[in-house]
S.K.: 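The structure that follows is given in the form of structure tokens.
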Amino acid sequence: MEENVRQELEVLKQMMQNWKRGFLSWASPDGDNDYVLLEFTEEIQEQLYPLVSRLRETKHLTNSEAKEFMDYCHSQVEDLRNQLREVET
């Protein structure tokens, strides 16, 4: 993977962390925070997945590199799910 692509992916990871913090601030201790998780997931699908797909299609990422990045994205969804549970308890 080229250095500029690696840097771009790091920027995307930082952006996703910012989104996650923002969505976590929406959480209610009363529960029913499924919409927060759904919004975060949709943001990833609408903003990041198309970009990663284009990087893969243009051979800037291999299939395994694209999968690794998307696995990271999905791990952040799980991390947010766990953080929401902590807010609810």
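Just so it is clear, the model here is predicted, and its values are computed rather than measured. When a residue number appears, it is its place in the shown sequence, counting from 1.
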S.K.: At their closest point, which heavy atom of Val52 faces which heavy atom of Ala66, and how far apart are they?
M.R.: CG1-CB, 3.7 Å
S.K.: Can you tell me how far the CD atom of Glu10 sits from the CD atom of Glu3, to the nearest 0.5 Å?
M.R.: 9.5 Å
S.K.: Could I get the full list of salt bridge (Lys or Arg N to Asp or Glu O under 4.0 Å) partners for Glu78, not counting sequence neighbours?
M.R.: Arg81
S.K.: According to side chain to side chain contact (heavy atoms under 4.5 Å, CB included), who are the partners of Glu57, at least two apart in sequence or on a separate chain?
M.R.: Ser53, Arg54
S.K.: Could you work out, with salt bridge (Lys or Arg N to Asp or Glu O under 4.0 Å) as the rule, every residue matching Glu46, not counting sequence neighbours?
M.R.: none
S.K.: Hydrogens and angles aside, do Gln83 and Asp79 bring a side-chain donor and acceptor to less than 3.5 Å of each other?
M.R.: yes
S.K.: Considering only NZ, NE, NH1 and NH2 on the basic side and carboxylate oxygens on the acidic side, decide whether Arg85 and Glu88 come within less than 4.0 Å.
M.R.: no
S.K.: Test of understanding: clusters of I, L, V, M, F, W, Y form through side-chain heavy atoms closer than 4.5 Å, transitively. Do Tyr49 and Ile44 belong to the same one?
M.R.: yes
S.K.: Are there over 12 heavy-atom neighbours, none belonging to Tyr35, within less than 6.0 Å of that residue's OH?
M.R.: yes
S.K.: Please enumerate all residues that pass ring-ring contact (aromatic ring centres under 6.0 Å, His included) together with Phe23, with sequence neighbours excluded.
M.R.: Trp26, Phe40
S.K.: Roughly how far, to the nearest 0.5 Å, is the CD atom of Glu8 from the CG atom of Leu61?
M.R.: 9.5 Å
S.K.: Can you list every ring-ring contact (aromatic ring centres under 6.0 Å, His included) pair that touches residues 51-89, not counting sequence neighbours?
M.R.: none
S.K.: Heavy atoms, side chains only, cut-off 4.5 Å: are Gln76 and Lys13 in contact?
M.R.: no
S.K.: So which heavy atom on Cys73 is nearest to which on Leu48, and how close?
M.R.: SG-CD1, 4.0 Å
S.K.: Nearest 0.5 Å please: distance from the CE atom of Met70 over to the CZ atom of Arg56.
M.R.: 11.0 Å
S.K.: Shared ILVMFWY cluster between Leu80 and Leu38, side chains joined below 4.5 angstrom?
M.R.: no
S.K.: How far does CG of Leu55 sit from CD of Glu2, to the nearest 0.5 angstrom?
M.R.: 10.0 Å
S.K.: Quick one: pull up CD in Gln14 and CG in Leu9 and give me the separation to the nearest 0.5 Å.
M.R.: 11.5 Å
S.K.: So, using salt bridge (Lys or Arg N to Asp or Glu O under 4.0 Å) as the criterion, who are the partners of Asp32 when residues are at least two apart?
M.R.: none
S.K.: At what distance, to the nearest 0.5 angstrom, does CD of Glu42 lie from CG of Leu37?
M.R.: 10.5 Å
S.K.: Sub-3.5 Å donor-acceptor pair from the side chain of Asn33 to the main-chain atoms of Leu84, do we have one?
M.R.: no
